[in-house]
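Convention: sequence-line order gives letters A, B, ...; per-chain numbering from 1.
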There are 2 protein chains.
Amino acid sequence: MDTALDRAVRVFRERGYHATSIGDLTAAMRLATGSVYKAFRDKHAVFLAAFERYVALRQEQTRNAAAKGTNGRERLRHVLLSHVEHSQGSEGRRGCLVVGSAVELSALDPMVGARVNAQLKTNENFIAGLIREGQADGSIPAHVEADDTARLMICITQGLRVVGKARLPLDGERLVGVAMKLLA
Amino acid sequence: MDTALDRAVRVFRERGYHATSIGDLTAAMRLATGSVYKAFRDKHAVFLAAFERYVALRQEQTRNAAAKGTNGRERLRHVLLSHVEHSQGSEGRRGCLVVGSAVELSALDPMVGARVNAQLKTNENFIAGLIREGQADGSIPAHVEADDTARLMICITQGLRVVGKARLPLDGERLVGVAMKLLA
DNA sequence: TTGATTCGGAAACAATCATTCCCTATTATC
DNA sequence: GATAATAGGGAATGATTGTTTCCGAATCAA
């Protein structure tokens, strides 16, 4: 069932919510229509479950990237680098469910809207935490405004997904190199 | 007719392409179904026309913002400020057609995909131009990598629209203040 | 082996979608 | 002033949508 949900994640990432028919879903999940409706109340419930699964997976990947660094600044650098890599190439063209939900559903679907809003704040807090960590260990100057910088970095990560989906090439080292100036 | 197209822009910005029925369109445009199909070949053609109109309008607004500055750095600062303002509040919740098209259609609709890609490059070139202008007039250091910085700034502007649509508050002065570090 | 129960699959359902067709005004032309 | 031509409006159409229902197969207990 989890593998079927993974396949649903993939379809929703590629096609978005409205362009995904339940025919597309059953084909991707290798399940019959009846089976999908046995497991979920409706299409919306499938999407919500897919969203949660995607977010959990991405969060784990981001923590793993952070763990590669040895201090706050390096951890943040690896997080940004990870975001660029995931926004690029075929993975980038597949799209991000958070960005997709924010753009396509957030305004008209209060449930998704609240969930997206909360997730962005979670991500922002994680970055702000890394900045404060860097300030504590001396790798990031104390005068850096952690909250403002974190919010701008969230904009960068979300924007990367948009630009990556639009097939502009993204060079991780170069872009992150520039972005790290925000910590000066 | 142009006023009807403006209303179409508004609906597409709020609801996206797939969630906008032609019933929504006729209601917003104050036109009957037949009249819409007299003026445009199909829904897709309405969207393309709305897209072009939106892009033209936004481009004009951005040039006006740039004109407020007296040198390259100040022009760029006003452009970024303008992007934050448009990403915020009710205007921000209405959404951006470029971002919406990139996320919802770019991957499956080659026509829209090419158009979005080209538009992002145009915007990027405009920003890169402002950076070089600043380097020529001495307001921006010569060691700044114009192309990489412009690409990152495009990520910021697109990300702002995502974050704004998700109802996170955006403080123009603070965010732009941080972003200007990229020109150090 | 038999009975009950759970699970997946395909056909049927109503609703909604984009699109077309036809009719009615309104304008312009002769 | 009559007529042709055009633009706009709304009902009809066929396809597709999300959802439900019903049926068969497989699993487990007795």
In whole Å, what is the span from the CZ atom of B:Phe40 to the P atom of D:dG8? 11 Å
ring-ring contact (aromatic ring centres under 6.0 Å, His included) pairs touching residues 44-68 of chain B, sequence neighbours excluded, are B:Phe12-B:Phe47, B:Tyr17-B:Phe47
Using a strict 4.0 Å threshold on nitrogen-to-oxygen distance, state whether B:Glu14 and B:Lys165 make a salt bridge. no
Considering only nitrogen or oxygen atoms on both sides, find all protein atoms under 3.5 Å from nucleotides 22-27 of chain C and state each distance.
none

Taking 4.0 Å as the cut-off, does a side-chain nitrogen or oxygen of B:Tyr37 come that near to OP1 or OP2 on C:dT20? no
Between A:Arg63 and A:Glu60 (salt bridge meaning N to carboxylate O under 4.0 Å), is one present in this structure? no
Among residues 14-32 of chain B, which ones have heavy-atom contacts with DNA chain D below 4.0 Å? B:Leu31, B:Ala32
Residues in residues 103-114 of chain A with a heavy atom under 4.0 Å of DNA chain C, by number, are none
Are B:Asp147 and B:Arg132 close enough for a salt bridge, meaning some N to O gap below 4.0 Å? yes
Work out how much the helix from C:dA4-D:dT27 to C:dC30-D:dG1 bends between its end axes, five pairs an end, to the nearest 10 degrees. 10°
Below 4.5 Å, heavy atoms only, C-beta onward: do A:Ile154 and A:Gln158 meet side chain to side chain? yes
Of all residues at least two apart in sequence or in a different chain, which pass the side chain to side chain contact (heavy atoms under 4.5 Å, CB included) check with A:Asp171? A:Glu173, A:Arg174
If you apply the rule side-chain hydrogen bond (donor to acceptor under 3.5 Å, both in side chains), what do you find for B:Arg7 with B:Thr3, and how did you get there? CA-CA 6 Å; B:Arg7 291 197 253 256; B:Thr3 135; 3.3 Å; yes
Report yes if the side chains of A:Val9 and A:Leu57 come closer than 4.5 Å at any heavy-atom pair, otherwise no. no
Between B:Arg13 and B:Glu91, does any NZ, NE, NH1 or NH2 come within less than 4.0 Å of an OD or OE carboxylate oxygen? yes
Salt bridge flag under 4.0 Å for residues B:Glu52 and B:Arg115: yes
Do B:Leu168 and A:Leu97 land in one hydrophobic cluster if side-chain heavy atoms of ILVMFWY residues count as linked below 4.5 Å? yes
Which heavy atom in B:Thr70 sits nearest to a heavy atom in B:Arg75, and how many Å separate them? C-NH1, 3.9 Å
Does a side-chain N or O of B:Ser35 approach OP1 or OP2 of D:dG9 to a distance below 4.0 Å, or not? yes
Around atom CZ of B:Arg10, are there more than 12 heavy atoms of other residues, nucleotides or ligands at under 6.0 Å? no
